[in-house]
Amino acid sequence: MNDLDLLLLVSIGTTAVLFAFGTWRWAGALGTLLYALQLALLAVMRPELPLASGIGFEVLGYRLQWSLSGLGWFFAIITVASALFSAWFAAGEWGQHRRNLRLLHGGLALNVTAMLILLASDDLISLFIGWELVSWASYLAMVQRGGPAMDAAYRYLVYALAGALAVLVAIAMIAAQSPALDFGSVRVWFASAGNGTIWTVMLLTMAGFGVKMGLLPLHLWQPAAYSESPGPIAAFLGAISSRMGLFAIIVVLAQLIGLERLGNLPVAFSFWNANEFWAWLAALTLIVPTFIALTQNDARMLLAWHGIGQGGYMLLGILIATPLGVSGGLMHVINYACYQAALFLAVTAVAHRTGTTDLDHLGGLINRMPLTYVTMLFCIIGLAGLPPMNGFVSKWMIYKALLDAQMPLLFVAAVIGTLGTILSVYKLIHNTFLGQLRLEHAQVNEVPISMWLPMILLALIVFITGWMPGLFLDLVDEAVVAIGITQLPHHLGGVDLGNGGLDMLWIVGVLLAAIGIGAIVYFLGNRSVRVGQFDNYAGGQILTADVPYQYSHQFYAGLLRVIQPWMRGGMAWGERALVSGADFLGGAMSGLYRAAPAGAYLLLAVLAALAVTLL
Amino acid sequence: MDFTHLFVELVLMPLIAFLVGLVMVLMLRKVRAKIERRIGPPLLQPLYDIVKLYSKKTQVSHGPMHEIAMMVALGGVIAMEVFLPVPGLNGLAEKGDLIVLIYLMMIPSLGLALGVGACANPNGSIGISRALTAMVAYDIPLMIVVAGVALFHGTTSLPEIIAAQQAGGMSTWGIVQTPVLALGGLIAAYAMLGKEPFEIYVAPAEIATGPMVEMSGKFMGTLFVMQCFQLYAVGVLYTTLFLGGGEYWISFLPKIFAVVFIPLAMTNVFPRYKTEDVLKWMWKWAGGFALAGLALVVMK
Amino acid sequence: MNASVLMIALPLLAAFLLPLTGPLARWVGPFAAALNIALGISLWQTVAQEGPSVVVMGGFAAPLGIVFRVDTLAVLFATALAALVLILWPRTSADPRRESALLLILLAAGCGLAFSGDLFNLFVFYELIAVASYGLVAASRERLAAAAGLRYLVLSALGSAFALLGIGLVYALAGTLNLADLSRHADALNSPLGLAAFALMLLGFGVKAELFPVNAWVAEVYSTATARTTALLAGGVSKLALLIVLHLVLLVYAQPAALSLLLTLGLLSIVSGQFAGYRAADLPRMLAYSSIAQLGMIAAAFSVSGEAGVLAGLALALHHLIVKPALFLVGDGWPKCVDSLAGLGRAEPWRAALFVLLALSLLGIPPLPGFWAKLLLLKALLGMGEPAWNLAAAVVLLGTAIEGAYLLRVLQTLFRGTTNAKPATFGGALPAGVLGVALLLVMLAATPVGGALQRAAQQAADVPAYVADTLGGSPQ
Amino acid sequence: MSTDPNQAVACRTVDAEERSLLGRVLDRIADHCRARSLFVLHYCTGCGAIELPPTMTSRFDLERVGMQPMVTPRQADILLITGYLSVKTLKRVVMTYEQMQGPKYVIGLGSCTINGGMYWNSYATIKLLDRYIPVDNYIAGCMPRPEAIQQVFLDLMGRIDRGEAQAWKDYYRRYDWYLGQQQQLFGTNWQAPTDVVGEAIRYRLVGEQTLGSHTAHLERYAPYYDQLGIIRPEPARMKARPQLEVVSR
């Protein structure tokens, strides 16, 4: 039994234990410890990668085997760490007075197990098994709050099921032609397959795996499903769940088909190749949901929409296919997991205290919940991709790689996404923490340490790895090598390139020093007196708490007046059209059976058959 | 690199930026006065204003975030200057490239935005919402321009871009080589200055100077200092990208003043656009020119 | 006497002796079915060791005489049917004698159908099954059931007539009804008239196999008959009808036109069944429509020539044989209307969990057995490499997605909210539980089961061997 | 801790005579700059506002002497009251004045601010502005010409430069008196959002008359406002209260 077997065993054990003792008072703490153990195991097995599991089956001539490559290991680290922080957050006060705690803890552990199984898969069948496990495990995590959450989860599952079937068809296609389904053989098969076949397989798999990732136009389920799930679960799902789709896409596009082949695969009737096609789809995925996020009035929905958009960056980075781009894309996965988890936790903390996440009904909480504010501040800077947080580093790598790879328009697309992100994260923090405190929140207090400590730790990780991106780039290297890309030379502060590098040690250092100078200049002036929020310029009006003096609704009215005409909800319309199409066909078919002039059908059918065969 | 040398550079670069920026602010006000047939303020007026504001005896703060935001905003602009190479001083331009610079330029605005939010004044919030919208308006063309420049020179390192332009005298300047791109960049730089017709976020008569509504004393003073840095940074950035940077201060200073002067000379004859019109206008014209320029670069 | 003949004779004998057994009557049937299973297992071992064998009746060799062909496929179907009958044996019944007799006759006829090597015998056993099933359907005392039963009777009789017509045509064209012999004379049937015969047989047998245009009885009967009868019809009888079709396409009609016809009907079944199920508001109807679609998938699988198709169809058929009866049994006693199921998941967690398990397997979620069946089906369809079959894969995809949508709706409803209703009696707990456990066992033993199915399919698809075995290798 | 509120809180603003030489030099520089950089907030409710455009624009060009119009009290140095003030607008003026940062200057423009002018008989207008807020300069006339306005500005600048324009401190030092005048007009429950007493303590500007019977009304009505959720005492203000009691004894 090697480390991988042990890890899977511990993970399955965690699930079992947490389902068994989920309602126990210390279940959350126990879960946290068990995730820490899994993380330790992952750390231990790092030198042994890729590590093949001793478990394996052979069914119908197909060998099912599991092996953790550097890529899977990289994602596994993020998965387990996300679960660790989510469980930690739920372990204390947050979880104390909740029903369904068994489902919460057990569901989380089940998700981790399923994801580990997926990440360790080494052939298409085990990949598919892992994929379905992940789908259903996340369904279990999503439905917990009942009501609208169930509707959202149902929508997700229908998408996921249809997508999985598309993947299954692709696997069957490969199975019909390739002698075996392990990654090695499939790679060989892809090398010899024709363009048309590859396109079909690729479209099918992207349709399937793209569902989970929220690749346009398959993303519609995601915001509601994530934001309706319980806070820590939303943090976990938001941080890593969708990235499973990315993982599978990387496996198919980069590991099996190969990025070089992708570049040689033409799109019919155009100048494009497959690489550019997917890159533009990724660009759309990063732009459209980001600007939809801008229109959201619910903090969780806003974050969930951004989750989709950020996925676009990762895919875009990987499709650039240069070491810089791939490293950037993969690094964005881990960066994003840190700040997205912390953001969801922060929003959950706010909801825990105020009972709402409606951005029109919050405001001014900065003085009441300063630590939550700091968390959110650090993490929105990360999400927006501005220095000095880690989100900037990965985005910089993607930008730079795009420019180096002569893709200026994609670069501009990526920047547009970033601009939209900056706008909506400011809206998020402004409407939650800044502006006027509402009367009903005047007595709100900071969340207890069991909740703020994990958040703050994540926020610190976001900052420290922004300062020293080399820490994460080391992890990324494992994955990059596993994909078969040259390792990116880097140092603790960033990367050195011939034509303009990045050294975050210096940049953040200078920024901090300059802020110090700013502080000195600031303190040159006389000391200030702190005034209340009603001592405020209002054109001579005396402010009162019964009249809200806050600007939050339709925050970017001017911008929205320009871009809203473009948001016609085309994809939602398409979805509705599909549903009503199915309804219509369903009506027609059940009408056919219900009318049931049975004998007549038979006679007609016989006559038709005779007519067809004899004439 | 010699550490002392670097340290001197790091001190000198913001200092020069501030002093030149003061003169630019004076120029801004003088130009306006001349166009309105007034005499205008005395030479030391920008300095008077700043000293006056810092020496206010009572200061109103809306909480720690309000104060920290001021430090971050000022720190951001100072940090920005050391990544902008000027004649003889490269600072940290090797450690961060053009993209880093552009993103560093957003830090002060974001810091300010947080501080303004902490002031809890909706006028300020509206101002920030408009300022960020304006950022979307001008940053998209600007980024297209940046992409064009980076593509044209095959690098994002500012010293290399400058060196490439200085290689053959004026004929290798960006404005000669890529004139359409330079035009798009100029319009974007104009909007970056936030003067009429793009000053939607200040709008004194409408939202009481927007972000500045609750800024008093040293807070306002910090904003005045920031304005100096920002005017300078826009001038230097544009000069670096399209006017061959600077070999000597004697030739460099006229260029950056010229860059700032052109918008300032135009701005006084305009009223103010509506927010959505700024977006449309910038995307249509600045974005159009920038895209055309980019297309020309790609075709080369 | 060969075990295969015993498997037919024993239940028949038991059925006839039933009136004489007095107080033991209620034990006779299960005993006979259990005996059949034991016989089937012994036969399985024999076949595994010695290969397929042919039993000649009355001393006349094929093609003149009646032959039984005992191969893995036949044994599998016969044993599975016996097991199903045993599992579904009614513990309480209004008229135990009559129902027992009908069940035993059905069992005997089913075994006979599985073993028969000749078209006419197939038809005879098919008719016997039909008669038994009319009785079973009519056993329900509801008026609606009676109406549905009548319609079923009429349709089935019409279907049988057409099938007989088709068999007659075949006989006229080829001069023989022995399948092995027909296989040699397949060329004679490769004409419009031969194809017409196939179409007639397909539509005729299709009534029981729930193929597209002739399956209008399905939803009504399944939603009104008792759950056990429904389970038996959906799980067992329909498979037997498809077995005839399999024999036909495998041995006689391996021509593209016939396969295309089968595929077309299969696909239409899938589409119509799934979409009708999507719109269905009550659970038995929904399951009935799902059953139509599933059988359509099996038909589509059988339309793939060669071993891959047989394997996929076989896997799908056996999987459906386990899952669908269990689903009907679980749903029995619950409110019929899907919307009224709300909260039952909390009230009866184990029952709901069983339903979930079965539904997931039906959808083909790994690692449940349904997944392997679906993978085999898709692989077989795509392995043909022809546009129509590729399209079929797409249709299967679409159909399963729709099936997922409506089955998930049921699952969703089960766990939504709470109910005040008292838990309904779960009459079918034992059989459904047994079937569920069987499903899990198959999942765990995927490797050996898969191997066995592969061997069965290999054997079944080996047409020359079949012909040689049956006709003794004699040249004509 | 001393009970003298001016000693109680550490602060860098001290009276000129207490400051070191360097401090005095810095003060001198600051005053010089203050005089040359005056931002004006026009409180234009009266007709005198019509004289301001020519004063500011090219005919007379106020920017020559470093004056600029500003739109919020936070940024302004001079509050320019351009005419009559009704009781209602006076509330706004007081609030605006309190929101300005010291050193701050008030200029009353026109006769109305001095004696009510043509509104002498009106029940709704005030007669003398400096009963309610300290006024640095008045400009008599109905209405005064731009030249007169400029003259006053220059006078004010000179006094600022010399460090003589300290009227704003008077408001802190005699807050109780000013508040009493205000309360006469607005009622004893009058409360502006700015915590003047707190600021006076903070910046060591507490005088003999900073606290008194009128400021006690603030205390009295504070719970009433709290209950209505209208003006909540902020932390700084809460801290200042205990010391207040010490002083008022």
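Throughout, a chain's letter reflects where its sequence line sits, starting with A, and its residues are numbered from 1. Every heavy atom of this structure was used, including side-chain atoms; hydrogens, water molecules and symmetry mates were not.
- Listed options B/Asp139, B/Ile68, B/Asp277 were ranked by heavy-atom pairs under 4.5 angstrom with chain A; first place goes to B/Asp139.
- Proximity of A/Tyr373 to B/Leu114: side-chain heavy atoms (C-beta onward) are separated by under 4.5 Å at one or more points.
- Residues B/Thr156 and A/Tyr399 fail the side-chain proximity criterion, which asks for heavy atoms closer than 4.5 Å.
- Contacts of B/Ala150 with chain A are made by side-chain atoms alone, with heavy-atom separations under 4.5 Å and no backbone atom involved.
- In this structure, chain B has no heavy atom under 4.5 Å from any part of A/Leu560.
- Neither the backbone nor the side chain of B/Ser55 comes within less than 4.5 Å of any heavy atom in chain A.
- Looking at B/Leu279, the atoms closer than 4.5 Å to chain A (heavy atoms on both sides) all sit in the side chain, from C-beta outward.
- Contacts between A/Phe411 and chain B at a heavy-atom distance below 4.5 Å involve the side chain alone, from C-beta outward.
- A 4.5 Å side-chain heavy-atom check between B/Pro64 and A/Arg530 finds at least one atom pair inside the cut-off.
- When all heavy atoms of B/Glu67 and A/Ser528 are compared, the closest pair comes out as OE2-OG, 3.2 Å.
- Using a 4.5 Å cut-off between heavy atoms, A/Ile563 touches chain B through its side chain atoms alone.
- You'll find the side chain of B/Asn121 stays beyond 4.5 Å of the side chain of A/Tyr551, heavy atoms only.
- Taking every heavy atom of both residues into account, B/Leu74 and A/Gly518 meet most closely at CD2-CA, 3.9 Å.
- Nearest heavy atoms, A/Gly558 versus B/Glu276: O-CB, 3.7 Å.
- Contacts of A/Lys400 with chain B are made by both backbone and side-chain atoms, with heavy-atom separations under 4.5 Å.
- Note that CZ of A/Phe555 is 9.0 Å distant from CD1 of B/Ile126, once rounded to the nearest 0.5 Å.
- B/Gln59 places no side-chain N or O within donor-acceptor distance of the main-chain N or O of A/Arg527, the cut-off being under 3.5 Å.
- Inter-residue side-chain proximity for A/Leu419 and B/Met135 is flagged as met; some heavy-atom pair is nearer than 4.5 Å.
- Most heavy-atom pairs under 4.5 Å with chain B: of the set A/Val415, A/Leu402, A/Leu377, this distinction falls to A/Val415.
- Highest contact tally toward chain A, considering only B/Gly221, B/Ala120, B/Ser157, is held by B/Ala120 [criterion: heavy-atom pairs under 4.5 Å].
- Contacts of B/Ile140 with chain A are made by both backbone and side-chain atoms, with heavy-atom separations under 4.5 Å.
- No part of B/Ile102 comes within reach of chain A, as not one of its non-hydrogen atoms sits under 4.5 angstrom from that chain.
- Only the side chain of A/Tyr426 comes within contact range of chain B, with at least one heavy atom under 4.5 Å from a heavy atom of that chain.
- Looking at B/Ile107, the atoms closer than 4.5 Å to chain A (heavy atoms on both sides) all sit in the side chain, from C-beta outward.
- Remark: A/Tyr522 OH to B/Thr222 OG1 distance equals 8.0 Å, nearest 0.5 Å.
- Contact annotation: the side chain of A/Val562 approaches that of B/Trp283 to within less than 4.5 Å [non-hydrogen atoms, C-beta and beyond].
- Considering only heavy-atom pairs separated by less than 4.5 Å from chain B, the leading option among A/Leu403, A/Asn536, A/Leu409, A/Val510 is A/Asn536.
- Judged purely by atom type and a 3.5 angstrom limit, B/Lys218 uses its side chain to pair as donor or acceptor with the backbone of A/Asn526.
- With a 4.5 angstrom heavy-atom cutoff, B/Asn123 touches chain A only via side-chain atoms.
- When heavy atoms are compared at a cutoff of 4.5 Å, A/Ser552 does not approach chain B at all.
- Contact count versus chain B (heavy atoms, under 4.5 Å) is highest, among A/Val521, A/Ile416, A/Ile517, for A/Val521.
- To the nearest 0.5 Å, the span separating CE on B/Met106 from CD1 on A/Ile422 amounts to 4.5 Å.
- Among all heavy-atom pairs drawn from B/Glu214 and A/Tyr537, the shortest one is OE2-N, 2.6 Å.
- For B/Thr133 (side chain) and A/Leu559 (main-chain N/O), no donor-acceptor pair under 3.5 Å exists by modelled atom type.
- Using a 4.5 Å cut-off between heavy atoms, A/Asp535 contacts chain B through its backbone alone, with no side-chain atom that close.
- Among A/Leu512, A/Leu423, A/Leu437, the residue making the largest number of heavy-atom pairs under 4.5 Å with chain B is A/Leu423.
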_Criterion side chain to side chain contact (heavy atoms under 4.5 Å, CB included) on A/Val529 and B/Thr58, from CA distance to verdict_ = CA-CA 7 Å; A/Val529 61; B/Thr58 64; 5.7 Å; no
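- In this structure, chain B has heavy atoms under 4.5 Å from both the backbone and the side chain of A/Gln406.
- Closest non-hydrogen pair, B/Ala79 versus A/Leu511, comes out as CB-CD1, 3.6 Å.
- For chain A, the nearby parts of B/Val72 are the backbone and the side chain; heavy atoms of each come within less than 4.5 Å.
- Among B/Val60, B/Thr275, B/Leu98, B/Leu158, the residue with the largest count of heavy-atom pairs under 4.5 Å with chain A is B/Val60.
- Of residues 386-394 of chain A, those residues with a non-hydrogen atom less than 4.5 Å from any non-hydrogen atom of chain B are, in numerical order, A/Leu386, A/Pro387, A/Phe392.
- Looking at A/Ile366, only its side chain comes within 4.5 Å of chain B, counting heavy atoms on both sides.
- With contacts defined as side-chain heavy-atom distances shorter than 4.5 Å, the pair A/Ile381/B/Leu110 does not qualify.
- From B/Thr155, atom OG1 reaches atom CG of A/Asp404 across 8.0 Å, with rounding to the nearest 0.5 Å.
- Put simply, OH on B/Tyr54 and CZ on A/Phe523 are 11.5 Å apart, with the number rounded to the nearest 0.5 Å.
- Among the candidates A/Pro370, A/Pro408, A/Gly493, A/Gly494, the residue making the largest number of heavy-atom pairs closer than 4.5 Å to chain B is A/Pro408.
- Closest heavy-atom contact between A/His430 and B/Gly117: CD2-CA, 3.9 Å.
- Only the side chain of B/Val298 comes within contact range of chain A, judged by heavy atoms closer than 4.5 Å.
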